Amino acid sequence: MEGRVALITGAKGGLGSFVTERFLQAGAIVVGASRSIKQSDFAHPRFTAMAVDFSDSAAVTHAVSQIISCFGKIDVLAHIMGGFAAGAVAETDDKTWAQMLDLNLISAFYALRAVLAPMRKAKYGRIVAVGSLAATEAHAGIGAYVASKMAIASLVQTVALENADANITANVVLPGTMDTPANRASMPSADFSKWVRPDDVASVILTLAGESAKLITGTLVPIQGR
């Protein structure tokens, strides 16, 4: 990963912080993006913080242009950001539905669309998005979440088909429930030992973004707990 420029969305979240650290350890130049990220969040000379609202198309386009201006390229997009909300379809209000679409689908679309032009020009790109193991089939009580995460998988697989001619790979990892502080707080009675460790998911993402996975594209990679 030495010399590669990686854009990581949701870079300081429960999973994003692990992914950011892993890419930095591997030698990548990392642009960590989220709404509230600061340069002080990661004390590393190859880290650049960029505050971006990924639900805003113009803001995403501007951010990608800034990265190209500063570093000349974007080799990797690790789209980590997302959100969760529960509720039966009949009980899901407009705000929750829009929030799930914004966090889990629209943000992914804007990020993908923005990075594809420079990646195609460079004839190189590695894209890894985070979906959800729960979104491999319908589940009662989390309809908006599952629908938005299923849509990400389809979108990324389409990107893989459309850009194979430009040496761009695009894959989705599907982790089960991850052992993050937020999940522990929301499910305090669960057996945390069976949950997926964020550092394990980060390792899979790093592998898919590397040269050893150059022939893997359009795949959905399930990551089970123990």
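Here the structure is a predicted model, which is why all the values come from computation and not from measurement.
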Atom pair [atom1]/[atom2] of [X] and [Y] - distance to nearest 0.5 Å:
X	Y	atom1	atom2	answer
L7	T48	CG	OG1	11.0 Å
I205	F18	CD1	CZ	12.0 Å
M50	I37	CE	CD1	10.5 Å
S107	L101	OG	CG	10.0 Å
K12	K38	NZ	NZ	4.0 Å
L208	T169	CG	OG1	7.5 Å

Would a 4.5 Å heavy-atom cut-off, applied to side chains only, mark [X] and [Y] as touching?
X	Y	value
R22	S203	yes
I8	V31	no
K121	K123	no
L15	T180	no
V128	L77	no
V60	D53	no

Say whether, by atom type as modelled, one donor and one acceptor occur between the side chain of [X] and the main chain of [Y] under 3.5 angstrom.
X	Y	value
H79	I127	no
Q39	F47	yes
T92	W97	no
K149	V130	yes
S154	M150	no

Legend entry - Trace of the side-chain contact (heavy atoms from CB on, under 4.5 Å) decision for L133 with Q224: CA-CA 8 Å; L133 192 61; Q224 303 274 4; 3.3 Å; yes
Any luck finding a side-chain donor-acceptor pair between [X] and [Y] under 3.5 Å?
X	Y	answer
T96	D93	yes
S148	N104	yes
S57	R113	yes

Inset, instruction - Apply side-chain contact (heavy atoms from CB on, under 4.5 Å) to the pair K194 and T177, showing each step before the final yes or no. - result: CA-CA 9 Å; K194 295 182 179 180; T177 303; over 6 Å; no
Inset, instruction - Step through it carefully: locate the ring centre of F54, locate the ring centre of Y110, and say whether they are under 6.0 Å apart. - result: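 Not close enough - the centres of the two rings lie 6.0 Å or further apart.
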Which atoms form the tightest heavy-atom contact between [X] and [Y], and what is the distance?
X	Y	answer
D75	R4	OD2-CA, 3.2 Å
P198	G14	CB-O, 4.0 Å
P175	G131	CD-O, 3.7 Å
A153	L220	CB-CD2, 3.8 Å
V159	N163	O-ND2, 2.8 Å
A78	V19	CB-CG1, 4.5 Å

[X], [Y]: one ILVMFWY side-chain cluster at the under-4.5 Å cut-off?
X	Y	result
V64	F71	yes
M1	I216	yes
V156	I106	yes
L116	V52	yes

Legend entry - Residue D94 excluded, over 12 heavy atoms near CG under 6.0 Å: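 Atom CG in D94 is not crowded, with 12 or fewer foreign heavy atoms closer than 6.0 Å.
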Legend entry - More than 12 heavy atoms from other groups under 6.0 Å of NE2 on H62: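 For H62, atom NE2 is not crowded (no more than 12 foreign heavy atoms under 6.0 Å).
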Inset, instruction - Going by the side chain to side chain contact (heavy atoms under 4.5 Å, CB included) test, name the single residue among V76, I74, I168 that passes it with V115. - result: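 One option only clears the test, and that one is I74.
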Inset, instruction - For T219, enumerate each residue passing the side-chain hydrogen bond (donor to acceptor under 3.5 Å, both in side chains) test, keeping only those at least two apart in sequence or located in another chain. - result: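 Testing T219 for side-chain hydrogen bond (donor to acceptor under 3.5 Å, both in side chains), a comparison that skips the adjacent residues, returns N171.
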Legend entry - Derivation of the side-chain contact (heavy atoms from CB on, under 4.5 Å) call for V201 and D199: CA-CA 5 Å; V201 180; D199 57 332; over 6 Å; no
Legend entry - Pi-cation contact, Y124 with R126 (under 6.0 Å, within 45°):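 Here R126 passes the 6.0 Å and 45° test against Y124.
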Inset, instruction - Quick one: sort the Y145 and F84 rings into parallel, tilted or perpendicular, breaks at 30° and 60°. - result: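 Judged by the thresholds at 30° and 60°, the geometry between Y145 and F84 is perpendicular.
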